[in-house]
Asks: 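Would you mind keeping the following structure in view while I ask a few things?
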Amino acid sequence: MMKGLSILLVDDEPLMRLSMVDALEAVGYDVYAAGSGTEGVEAIWKHTFDLVITDLRLPGADGLAVLKAAKDKSPDTDVIVITAHGSVETAVGAMKLGAVDYLTKPFQMDELLLIVERVARVVTLRRENQDLKATLEDKFSFNGILGANSRMRGVLDKIKLVAATDSTVLILGESGTGKELVANAVHQNSPRRDQPLIKVSCAALPETLLEAELFGHEKGAFTGALRQRRGRFELAHRGTLFLDEIGELSPVVQVKLLRVLQERKFERVGGNDTIDADVRLVCATQKDLRKEVAQGRFREDLYYRLNVVQVIVPPLRERQEDILVIAEHVLDACSGKLNKKLKGFSPPARELLLRYSYPGNVRELVNMVERAVALGHERGSIRPEDLCGFQSCPYLGGIPQESCGFCSEGLTGGKKKADGPLTTLAEAREVFEKDYIVSVLERVDGSRTTGAKILGLSRKALWEKCKRYGIPSPYDDGQEEEGS
Ligand SMILES: Nc1ncnc2c1ncn2[C@@H]1O[C@H](COP(=O)(O)OP(=O)(O)OP(=O)(O)O)[C@@H](O)[C@H]1O
Ligand SMILES: [Mg+2]
């Protein structure tokens, strides 16, 4: 028996209703009784129930209306319908609309309790699963940054430490790795959190406009400067200034920025008044700044001023542990928004997610999962083809096409691999063999019997290869291997 299962019972026959309430309460369920469909629908809108048991034939709103209201309010609410003897078709119709089970009148109270017990077990599991997910997310999340990988845990620890100080932070990482999230987290956890966080992309503006944008300008400072304007440094006073794509700064602006960092003072463009800058600076770039310094494109003195605390956000391909944590978080958020009842990723889809190299990093993963949820099925699991979104994906066994960026560019063993380190023929053959076996097994929905036939192998030989290459058991179709 599950503690705290809340049940709404809708039946217009008082005697029947009373006996059911008694039977359910006697075993400890929490029961709310309603004598008509309308009363039942109202109760659904006022409270949240784990389970609704409703007679189908009711005065006012009928049982199907109660079922619909329950599912609309919360798709997780289970509904059991009660039908009169001989109207099983109606019950089947109700199940198509989302009821989990039905009871045919007359029934014994034991039958009712058995069905309710079964639903209670599923509800318990669902709750445990949700709790576990919440705990995992709590454990792996910090200010919206999910990270289970040890290097990412290190990044998050460093953010917590550095946030408390006023030191300048330089965030380095490829595009889409989460640099802006890191900058947000530094500000949100700093003593300046109640003051503004001002963001400027140094790549978005030409040199002269960027200078005015950062430091402001006086009226008449240049053509078009019709009035005095405060710059981002002033707007960020007592707060944080996030300078994104700092590697794009022109030499002139680099000099001006260096002065602000040295003297904590600046003047507006065209102005003489010196303004104090009480600003915490956070910068980010995808560029290798040391290389920029070596090649004379970035001032060395400025580099040292900016590089007080360095936070390196690793590319997603180097933190595999984060892939599924992020993917599942996005899947939950998106399916919630789109009201889809998706169960997660199928094992081959998970494998695909883990094998991809994500040149666009987390941004690409987020977009990929959002697209899969939006365009895929309403319920069930996300399949590899939902992620790829490309009919002739070679990974899925179709005809290789140039235009399938996901497969031909990103997957290990795909086009990119050809540019990678040169290996022996035996090693190359193994990579191909593993990929090909996985793709065949996926196309035959994991059946090793069919897969073995296509590959021209015995089931045992296929089993041995799967074991050798670590191709996971979800591909197993449950039959024993010959001789194994
Ligand atoms: N660790 C993470 N957990 C959850 N979401 C993340 C994580 N890292 C990045 N994202 C998401 O990925 C997307 C890209 O992140 P962000 O804009 O911070 O990257 P960036 O490094 O600043 O990219 P760019 O260099 O292109 O500006 C955003 O939607 C962000 O919410
Ligand atoms: Mg960014």
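Both counts, for ligands and for their atoms, begin at 1 and track the order of listing. Below, each value reflects all heavy atoms present in this structure, side chains not excepted, and no hydrogens, waters or symmetry copies.
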Asks: Take Arg448 and Cys466 through the side-chain contact (heavy atoms from CB on, under 4.5 Å) test and state the conclusion after the steps.
Replies: CA-CA 10 Å; Arg448 285 196 182 177; Cys466 287; 3.7 Å; yes
Asks: Indicate the ring-plane relationship of Tyr436 and Phe432, choosing parallel, tilted or perpendicular according to the 30° and 60° boundaries.
Replies: parallel
Asks: Using the rule salt bridge (charged side-chain N to carboxylate O under 4.0 Å, His left out), only one of Glu213, Glu218, Glu234 pairs with Arg229; which is it?
Replies: Glu213
Asks: Mind checking whether Phe215 and Phe233 have parallel, tilted or perpendicular rings, split at 30° and 60°?
Replies: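 Aromatic pair Phe215/Phe233 classed parallel.
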Asks: Less than 3.5 Å between some nitrogen or oxygen of Leu146 and one of ligand 1, yes or no?
Replies: yes
Asks: How about Phe222 and His217: are their ring centroids closer than 6.0 Å?
Replies: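 So the answer is yes for these two rings.
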Asks: Do ligand 1 and Leu181 have nitrogen or oxygen atoms that lie under 3.5 Å from each other?
Replies: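 Indeed, backbone or side chain, Leu181 has an N or O that close.
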Asks: Answer side chain, backbone, both or neither: which part of Gln286 comes under 4.0 Å from ligand 1, heavy atoms only.
Replies: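 Near ligand 1, Gln286 shows its side chain, while the N, CA, C and O stay back.
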Asks: In terms of residue, atom name and distance, what is the protein heavy atom nearest to atom 22 (O) of ligand 1?
Replies: Glu180 N, 3.2 Å
Asks: Less than 3.5 Å apart, any donor N or O on the side chain of Glu267 or Thr274 sitting next to an acceptor on the other?
Replies: yes
Asks: Within a 6.0 Å radius of atom CZ on Arg238, are there more than 12 heavy atoms belonging to other residues, nucleotides or ligands?
Replies: no
Asks: Would you say Asn361's side chain and Ser175's backbone share a donor-acceptor pair under 3.5 angstrom?
Replies: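 Between the backbone of Ser175 and the side chain of Asn361 there is a qualifying donor-acceptor contact (under 3.5 Å).
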Asks: Under 4.0 angstrom from atom 2 (C) of ligand 1, is there any protein heavy atom?
Replies: yes
Asks: Using side-chain contact (heavy atoms from CB on, under 4.5 Å) as the criterion, point out the one residue from Leu241, Leu235, Ile246 that pairs with Val200.
Replies: Leu241
Asks: What protein heavy atom lies closest to atom 25 (O) of ligand 1? Include the residue and the distance to one decimal.
Replies: Lys179 NZ, 2.6 Å
Asks: Would you say atom 29 (O) of ligand 1 makes contact with the protein, given that contact here means a non-hydrogen protein atom less than 4.0 Å away?
Replies: no
Asks: Below 3.5 angstrom, do we get any N/O pair linking Arg319 and ligand 1?
Replies: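 No - when backbone and side-chain N and O of Arg319 are compared with those of ligand 1, no distance drops under 3.5 Å.
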Asks: Taking only heavy atoms of Ile145 into account, list the atoms of ligand 1 that are under 4.0 Å away from them.
Replies: 1 (N), 3 (N)
Asks: Could you find the nearest protein heavy atom to atom 11 (C) of ligand 1 and give me its residue, atom name and distance?
Replies: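 For this ligand atom, the closest protein heavy atom is Val362 CG1, 3.8 Å.
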Asks: Using a 4.0 Å cutoff against the non-hydrogen atoms of Gly144, which atoms of ligand 1 qualify?
Replies: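 Those atoms are 3 (N), 4 (C).
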Asks: Please state which option from Gly173, Ala203, Ala284, Gly178 has its nearest heavy atom closest to atom 19 (O) of ligand 1.
Replies: Gly178
Asks: When only distance counts, is Asp244 in polar contact with ligand 1, meaning an N/O pair under 3.5 Å?
Replies: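 No: no nitrogen or oxygen of Asp244 is under 3.5 Å from one in ligand 1.
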Asks: In terms of residue, atom name and distance, what is the protein heavy atom nearest to atom 17 (O) of ligand 1?
Replies: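 Atom 17 (O) of ligand 1 sits closest to the protein heavy atom Arg363 NH2, 3.2 Å.
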